[in-house]
Enquirer: 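Before I ask anything, let me first share the structure, which is written out below as C-alpha coordinates.
Quick note on labels: first sequence line is chain A, next is B, and so on, each numbered from 1.
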Amino acid sequence: MPLPLACTVPRAAINLDATLLSGQSFCWEQDAAGTWHGWIGDFPCRVESTAQGYAVHTRASVPAIESYFGLPFDLGHALGTFPKDPWLAEAAAFAPGLRLLLQEPWETLASFICSAVKRIPQIAQINRALRAEFGPEVSPGLHAFPSPARLAEAGETALRRCGLGFRARNLHVTACQIAAGEVVLAALHDLPTAEARGELMRLRGVGPKIADCVLLFAYGRHDAFPIDVWVERVLRQLYFKRRRVPAARMRRFVETYFGPHPGYAQQYLFHWVRTARPPAAMEKRAPAAKRRKKAA
DNA sequence: ACCCAGGACTGAT
DNA sequence: ATCAGTCATGGG
(Lines give C-alpha, C1' and ligand atoms only; values in the text may rest on other atoms or scores of the structure.)
Protein backbone atom coordinates (compact mmCIF):
# COMPACT_ATOMS: atom_id res chain seq x y z
CA MET A 1 0.00 0.00 0.00
CA PRO A 2 1.71 3.19 -1.15
CA LEU A 3 1.74 6.04 1.28
CA PRO A 4 -0.43 8.98 0.20
CA LEU A 5 1.02 12.46 -0.13
CA ALA A 6 -0.15 14.30 2.97
CA CYS A 7 1.44 17.71 2.45
CA THR A 8 4.48 19.54 1.17
CA VAL A 9 6.54 21.44 3.72
CA PRO A 10 8.41 24.50 2.43
CA ARG A 11 12.15 24.09 2.58
CA ALA A 12 12.45 27.29 4.55
CA ALA A 13 10.35 25.84 7.38
CA ILE A 14 12.85 23.21 8.48
CA ASN A 15 16.28 21.78 7.78
CA LEU A 16 15.20 18.16 7.65
CA ASP A 17 18.64 16.61 7.25
CA ALA A 18 20.12 18.46 10.22
CA THR A 19 17.02 17.80 12.29
CA LEU A 20 16.98 14.06 11.65
CA LEU A 21 20.76 13.71 11.92
CA SER A 22 21.07 15.55 15.23
CA GLY A 23 20.51 12.58 17.51
CA GLN A 24 16.98 13.33 18.67
CA SER A 25 15.28 10.43 16.95
CA PHE A 26 16.47 6.94 16.06
CA CYS A 27 13.66 5.74 13.78
CA TRP A 28 14.66 7.53 10.57
CA GLU A 29 17.03 6.46 7.83
CA GLN A 30 18.03 8.10 4.60
CA ASP A 31 18.34 6.08 1.40
CA ALA A 32 20.88 6.66 -1.37
CA ALA A 33 18.50 9.07 -3.13
CA GLY A 34 18.28 11.22 -0.01
CA THR A 35 14.71 10.21 0.81
CA TRP A 36 13.92 9.81 4.51
CA HIS A 37 12.04 6.76 5.77
CA GLY A 38 10.72 6.77 9.31
CA TRP A 39 7.79 7.13 11.63
CA ILE A 40 5.40 9.69 12.99
CA GLY A 41 4.15 7.82 16.01
CA ASP A 42 2.62 4.60 14.69
CA PHE A 43 2.34 5.91 11.12
CA PRO A 44 5.04 5.03 8.60
CA CYS A 45 6.33 8.11 6.82
CA ARG A 46 8.44 8.90 3.78
CA VAL A 47 9.82 12.36 3.01
CA GLU A 48 11.15 13.18 -0.44
CA SER A 49 12.96 16.36 -1.27
CA THR A 50 11.35 17.98 -4.32
CA ALA A 51 11.56 21.30 -6.12
CA GLN A 52 8.55 22.49 -4.13
CA GLY A 53 9.96 21.41 -0.78
CA TYR A 54 9.62 18.32 1.39
CA ALA A 55 6.90 15.98 0.10
CA VAL A 56 5.59 14.14 3.16
CA HIS A 57 3.97 10.79 2.41
CA THR A 58 2.07 9.29 5.32
CA ARG A 59 -1.36 8.47 6.71
CA ALA A 60 -0.72 10.66 9.72
CA SER A 61 -2.82 13.84 9.76
CA VAL A 62 -1.33 17.14 8.68
CA PRO A 63 -1.58 18.59 12.22
CA ALA A 64 0.22 15.48 13.53
CA ILE A 65 2.94 15.96 10.92
CA GLU A 66 3.38 19.61 11.77
CA SER A 67 3.43 18.84 15.48
CA TYR A 68 5.99 16.07 15.08
CA PHE A 69 8.41 18.24 13.16
CA GLY A 70 7.91 21.12 15.57
CA LEU A 71 6.70 23.45 12.81
CA PRO A 72 4.22 25.50 14.93
CA PHE A 73 7.10 26.73 17.08
CA ASP A 74 8.53 30.14 16.23
CA LEU A 75 12.13 29.12 15.59
CA GLY A 76 13.25 32.57 14.47
CA HIS A 77 12.10 34.06 17.73
CA ALA A 78 13.91 31.43 19.79
CA LEU A 79 17.15 32.04 17.89
CA GLY A 80 16.80 35.72 18.69
CA THR A 81 16.73 34.97 22.41
CA PHE A 82 20.10 33.22 22.35
CA PRO A 83 22.91 35.02 24.17
CA LYS A 84 25.25 36.78 21.75
CA ASP A 85 28.40 34.75 21.88
CA PRO A 86 30.53 33.74 18.91
CA TRP A 87 30.36 29.97 19.45
CA LEU A 88 26.62 29.76 19.77
CA ALA A 89 26.33 32.01 16.71
CA GLU A 90 28.58 29.67 14.78
CA ALA A 91 26.64 26.63 15.96
CA ALA A 92 23.33 28.24 14.91
CA ALA A 93 24.72 29.31 11.54
CA PHE A 94 26.11 25.83 10.92
CA ALA A 95 22.65 24.24 10.73
CA PRO A 96 20.01 26.87 9.94
CA GLY A 97 16.53 25.42 10.21
CA LEU A 98 17.47 22.69 12.67
CA ARG A 99 14.37 22.05 14.78
CA LEU A 100 13.48 20.15 17.90
CA LEU A 101 11.04 17.35 17.17
CA LEU A 102 8.01 16.56 19.30
CA GLN A 103 8.03 12.77 19.55
CA GLU A 104 5.94 10.15 21.28
CA PRO A 105 7.00 9.88 24.96
CA TRP A 106 7.26 6.10 25.43
CA GLU A 107 9.22 5.51 22.23
CA THR A 108 11.51 8.40 23.13
CA LEU A 109 11.99 7.19 26.68
CA ALA A 110 12.74 3.62 25.62
CA SER A 111 15.08 4.74 22.86
CA PHE A 112 17.13 6.91 25.19
CA ILE A 113 17.35 4.16 27.80
CA CYS A 114 19.02 2.21 24.99
CA SER A 115 21.26 5.18 24.21
CA ALA A 116 23.45 4.99 27.31
CA VAL A 117 27.11 4.76 26.21
CA LYS A 118 26.15 3.85 22.64
CA ARG A 119 26.81 5.58 19.34
CA ILE A 120 23.90 6.96 17.38
CA PRO A 121 24.00 4.35 14.55
CA GLN A 122 23.93 1.56 17.14
CA ILE A 123 20.99 3.12 18.95
CA ALA A 124 19.15 3.18 15.64
CA GLN A 125 20.10 -0.45 15.10
CA ILE A 126 18.69 -1.43 18.51
CA ASN A 127 15.54 0.56 17.68
CA ARG A 128 15.09 -1.43 14.45
CA ALA A 129 15.68 -4.73 16.25
CA LEU A 130 13.10 -3.94 18.93
CA ARG A 131 10.54 -3.01 16.28
CA ALA A 132 11.22 -6.09 14.13
CA GLU A 133 11.16 -8.43 17.11
CA PHE A 134 8.33 -7.06 19.25
CA GLY A 135 6.55 -4.28 17.37
CA PRO A 136 3.10 -4.65 15.79
CA GLU A 137 3.21 -4.95 12.01
CA VAL A 138 1.11 -1.99 10.89
CA SER A 139 1.81 -2.60 7.21
CA PRO A 140 3.77 -5.32 5.38
CA GLY A 141 7.30 -5.39 6.76
CA LEU A 142 6.83 -2.27 8.86
CA HIS A 143 6.70 -2.61 12.61
CA ALA A 144 5.66 0.21 14.94
CA PHE A 145 7.46 0.63 18.26
CA PRO A 146 6.44 -2.02 20.80
CA SER A 147 4.32 -1.01 23.80
CA PRO A 148 5.54 -1.12 27.41
CA ALA A 149 3.32 -4.14 28.06
CA ARG A 150 4.86 -5.99 25.12
CA LEU A 151 8.43 -5.35 26.26
CA ALA A 152 7.51 -6.23 29.83
CA GLU A 153 6.06 -9.52 28.62
CA ALA A 154 9.07 -10.21 26.39
CA GLY A 155 11.46 -10.42 29.33
CA GLU A 156 15.02 -9.27 29.87
CA THR A 157 16.67 -12.21 28.12
CA ALA A 158 14.72 -11.69 24.91
CA LEU A 159 15.55 -7.97 24.97
CA ARG A 160 19.22 -8.77 25.39
CA ARG A 161 19.19 -10.53 22.04
CA CYS A 162 18.50 -7.17 20.37
CA GLY A 163 22.02 -6.08 21.28
CA LEU A 164 21.02 -4.10 24.36
CA GLY A 165 23.79 -5.40 26.62
CA PHE A 166 23.43 -4.18 30.20
CA ARG A 167 20.61 -1.84 29.09
CA ALA A 168 18.29 -4.82 28.70
CA ARG A 169 17.54 -4.90 32.42
CA ASN A 170 16.94 -1.15 32.51
CA LEU A 171 14.52 -1.24 29.58
CA HIS A 172 12.70 -4.28 30.89
CA VAL A 173 12.27 -2.92 34.42
CA THR A 174 11.11 0.45 33.09
CA ALA A 175 8.65 -1.25 30.72
CA CYS A 176 7.24 -3.11 33.73
CA GLN A 177 7.06 0.10 35.75
CA ILE A 178 5.16 1.89 32.98
CA ALA A 179 2.89 -1.09 32.29
CA ALA A 180 2.06 -1.22 35.99
CA GLY A 181 1.16 2.47 36.06
CA GLU A 182 3.95 3.29 38.50
CA VAL A 183 4.69 6.32 36.32
CA VAL A 184 2.02 7.68 33.96
CA LEU A 185 3.74 9.24 30.95
CA ALA A 186 0.58 10.97 29.71
CA ALA A 187 0.25 12.73 33.06
CA LEU A 188 3.66 14.39 32.78
CA HIS A 189 2.30 16.93 30.30
CA ASP A 190 0.51 18.63 33.20
CA LEU A 191 3.51 18.81 35.53
CA PRO A 192 6.15 21.52 35.81
CA THR A 193 9.42 20.43 34.22
CA ALA A 194 11.22 19.82 37.49
CA GLU A 195 8.46 17.54 38.77
CA ALA A 196 8.13 15.68 35.48
CA ARG A 197 11.89 15.18 35.61
CA GLY A 198 11.58 13.68 39.08
CA GLU A 199 8.89 11.29 37.86
CA LEU A 200 11.02 10.14 34.92
CA MET A 201 14.01 9.56 37.19
CA ARG A 202 12.00 7.08 39.23
CA LEU A 203 12.34 4.77 36.23
CA ARG A 204 15.19 2.25 36.07
CA GLY A 205 18.02 3.46 33.87
CA VAL A 206 16.76 7.03 33.75
CA GLY A 207 19.09 9.60 35.28
CA PRO A 208 19.35 13.37 34.75
CA LYS A 209 20.62 13.20 31.17
CA ILE A 210 18.07 10.76 29.78
CA ALA A 211 15.25 12.47 31.68
CA ASP A 212 16.24 15.76 30.06
CA CYS A 213 16.33 14.16 26.61
CA VAL A 214 12.79 12.84 27.04
CA LEU A 215 11.55 16.18 28.38
CA LEU A 216 13.16 18.05 25.49
CA PHE A 217 12.39 15.70 22.60
CA ALA A 218 8.98 14.33 23.63
CA TYR A 219 7.40 16.92 25.91
CA GLY A 220 8.60 20.11 24.26
CA ARG A 221 10.28 21.34 27.43
CA HIS A 222 12.81 23.80 26.10
CA ASP A 223 14.01 24.42 29.64
CA ALA A 224 15.42 20.88 29.73
CA PHE A 225 19.15 20.78 28.93
CA PRO A 226 20.67 17.32 28.44
CA ILE A 227 24.34 17.31 29.38
CA ASP A 228 26.07 14.37 27.73
CA VAL A 229 29.78 13.86 27.23
CA TRP A 230 29.84 16.07 24.10
CA VAL A 231 27.85 18.94 25.56
CA GLU A 232 29.76 18.76 28.82
CA ARG A 233 32.99 19.02 26.84
CA VAL A 234 31.88 21.96 24.72
CA LEU A 235 30.57 23.83 27.75
CA ARG A 236 33.72 23.27 29.75
CA GLN A 237 36.07 24.20 26.95
CA LEU A 238 34.19 27.16 25.52
CA TYR A 239 32.59 28.71 28.58
CA PHE A 240 34.86 27.58 31.42
CA LYS A 241 38.26 27.83 29.75
CA ARG A 242 38.79 24.08 29.91
CA ARG A 243 38.76 24.08 33.69
CA ARG A 244 37.11 21.31 35.55
CA VAL A 245 33.70 22.43 36.79
CA PRO A 246 31.46 20.89 39.46
CA ALA A 247 28.32 19.38 37.96
CA ALA A 248 26.09 21.58 40.12
CA ARG A 249 27.74 24.75 38.85
CA MET A 250 27.50 23.58 35.24
CA ARG A 251 23.80 22.93 35.80
CA ARG A 252 23.29 26.40 37.27
CA PHE A 253 25.13 27.97 34.35
CA VAL A 254 23.07 26.40 31.59
CA GLU A 255 19.82 27.26 33.37
CA THR A 256 20.66 30.95 33.50
CA TYR A 257 22.97 31.71 30.60
CA PHE A 258 21.15 30.44 27.51
CA GLY A 259 17.87 32.33 27.92
CA PRO A 260 14.28 31.05 27.72
CA HIS A 261 15.04 28.19 25.27
CA PRO A 262 18.22 26.59 26.62
CA GLY A 263 17.30 23.19 25.22
CA TYR A 264 17.34 24.62 21.72
CA ALA A 265 20.78 26.10 22.29
CA GLN A 266 21.91 22.71 23.55
CA GLN A 267 20.71 20.99 20.37
CA TYR A 268 22.56 23.44 18.12
CA LEU A 269 25.74 23.07 20.16
CA PHE A 270 25.47 19.28 20.19
CA HIS A 271 24.96 18.99 16.46
CA TRP A 272 27.72 21.48 15.75
CA VAL A 273 30.43 19.88 17.85
CA ARG A 274 29.62 16.43 16.54
CA THR A 275 29.30 17.35 12.86
CA ALA A 276 31.30 20.46 12.05
CA ARG A 277 35.04 20.52 11.91
CA PRO A 278 35.83 21.38 15.51
CA PRO A 279 37.91 24.50 16.18
CA ALA A 280 41.27 23.97 17.80
CA ALA A 281 39.82 24.86 21.17
CA MET A 282 37.57 21.83 20.94
CA GLU A 283 40.15 19.11 20.82
CA LYS A 284 39.79 16.42 23.36
CA ARG A 285 41.82 16.79 26.47
CA ALA A 286 44.64 14.36 26.91
CA PRO A 287 43.01 11.35 28.50
CA ALA A 288 43.72 11.01 32.18
CA ALA A 289 46.23 8.28 32.79
CA LYS A 290 44.28 5.11 33.29
CA ARG A 291 45.61 2.51 35.58
CA ARG A 292 46.46 -0.76 33.96
CA LYS A 293 44.08 -3.59 34.28
CA LYS A 294 45.50 -6.39 36.28
CA ALA A 295 48.00 -8.32 34.25
CA ALA A 296 47.13 -11.98 33.97
C1' DA B 1 44.44 -6.09 21.16
C1' DC B 2 42.84 -1.58 22.76
C1' DC B 3 39.62 2.20 23.01
C1' DC B 4 35.34 4.51 23.21
C1' DA B 5 30.39 5.31 22.82
C1' DG B 6 24.03 11.37 23.61
C1' DG B 7 24.86 7.12 31.41
C1' DA B 8 23.12 5.16 35.49
C1' DC B 9 23.74 2.53 39.58
C1' DT B 10 26.24 1.09 43.55
C1' DG B 11 29.04 1.46 47.40
C1' DA B 12 32.91 3.66 49.00
C1' DT B 13 34.86 8.45 51.25
C1' DA C 1 27.92 15.65 47.73
C1' DT C 2 31.63 13.61 45.03
C1' DC C 3 34.05 9.39 42.94
C1' DA C 4 35.90 5.19 40.96
C1' DG C 5 34.21 0.57 39.41
C1' DT C 6 30.98 -1.74 36.94
C1' DC C 7 27.58 -2.78 33.76
C1' DA C 8 27.50 -5.66 27.65
C1' DT C 9 27.98 -4.81 22.93
C1' DG C 10 29.72 -3.21 18.47
C1' DG C 11 32.74 -0.76 15.56
C1' DG C 12 37.06 1.88 14.72
Enquirer: Are A:Phe258 and A:Phe225 an aromatic pair, judged by ring center distance below 6.0 Å?
Expert: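 Under 6.0 Å, so yes.
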
Enquirer: Classify the nucleic acid contact of A:Val206 as base, sugar-phosphate or nothing, counting any heavy atom under 4.0 Å across all strands shown.
Expert: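 Counting heavy atoms under 4.0 Å across all strands, the contact made by A:Val206 is with sugar-phosphate only.
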
Enquirer: Just call it for A:Pro121: base, sugar-phosphate, or nothing, with non-hydrogen atoms closer than 4.0 Å on any strand.
Expert: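 No contact.
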
Enquirer: Need one value for A:Ser22: base, sugar-phosphate or nothing, where a base atom within 4.0 Å counts as base even if backbone is also close, heavy atoms only.
Expert: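 Answer is base: heavy atoms of A:Ser22 come under 4.0 Å of a base.
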
Enquirer: Cation-pi check for A:Phe69 against A:Arg99: NZ or CZ below 6.0 Å from the six-membered ring centre and within 45 degrees of the axis, yes or no?
Expert: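 No, A:Arg99 and A:Phe69 do not form such a contact.
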
Enquirer: Going by number, which of residues 252-265 of chain A have a non-hydrogen atom under 4.0 Å from DNA chain B?
Expert: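 The stretch gives none, as no residue of it lies under 4.0 Å from the strand.
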
Enquirer: With C1' as the reference atom in both, quote the distance from C:dG10 to B:dC9 in angstrom, rounded to an integer.
Expert: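 After rounding to an integer number of Å, I get 23 Å for this pair.
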
Enquirer: Using side-chain heavy atoms (C-beta onward) and a distance below 4.5 Å, is A:Phe145 in contact with A:Asn127?
Expert: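 In short, these two side chains touch, coming nearer than 4.5 Å.
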
Enquirer: Between A:Glu255 and A:Arg252, does at least one N-O distance fall below 4.0 Å, as a salt bridge requires?
Expert: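 Here A:Glu255 does not pair with A:Arg252 in a salt bridge, since their nearest N and O are not under 4.0 Å apart.
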
Enquirer: Is the ring centre of A:Trp230 under 5.5 Å from the base ring centre of B:dG6, and are the two planes under 30° apart, so that they stack?
Expert: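 It does not: the two rings, one from A:Trp230 and one from B:dG6, miss the stacking criterion.
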
Enquirer: Just checking A:Phe217: base, sugar-phosphate only, or nothing, at a heavy-atom cut-off of under 4.0 Å?
Expert: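 Base, at least one base atom sits under 4.0 Å.
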
Enquirer: Using the P atom on both, measure C:dT2 against B:dG6 and round to a whole Å.
Expert: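 One P to the other, the span is 25 Å.
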
Enquirer: Could you tell me whether A:Gln266 contacts a base, only the sugar-phosphate backbone, or nothing, with contacts defined as non-hydrogen atoms closer than 4.0 Å?
Expert: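 It contacts base atoms.
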
Enquirer: Would you classify A:Arg160 as touching base, sugar-phosphate or nothing, given that sugar-phosphate means primed atoms plus P, OP1 and OP2, and contacts are heavy atoms under 4.0 Å?
Expert: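 Since only primed, P, OP1 and OP2 atoms lie under 4.0 Å of A:Arg160, the category is sugar-phosphate.
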
Enquirer: Examine C:dC3: is either OP1 or OP2 under 4.0 Å from a nitrogen or oxygen in the side chain of A:Arg244? Give yes or no.
Expert: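 Yes.
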
Enquirer: Do the two ring centres, one from A:Phe73 and one from A:Tyr264, sit under 6.0 Å apart?
Expert: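 Yes, they do, as the ring centres are separated by less than 6.0 Å.
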
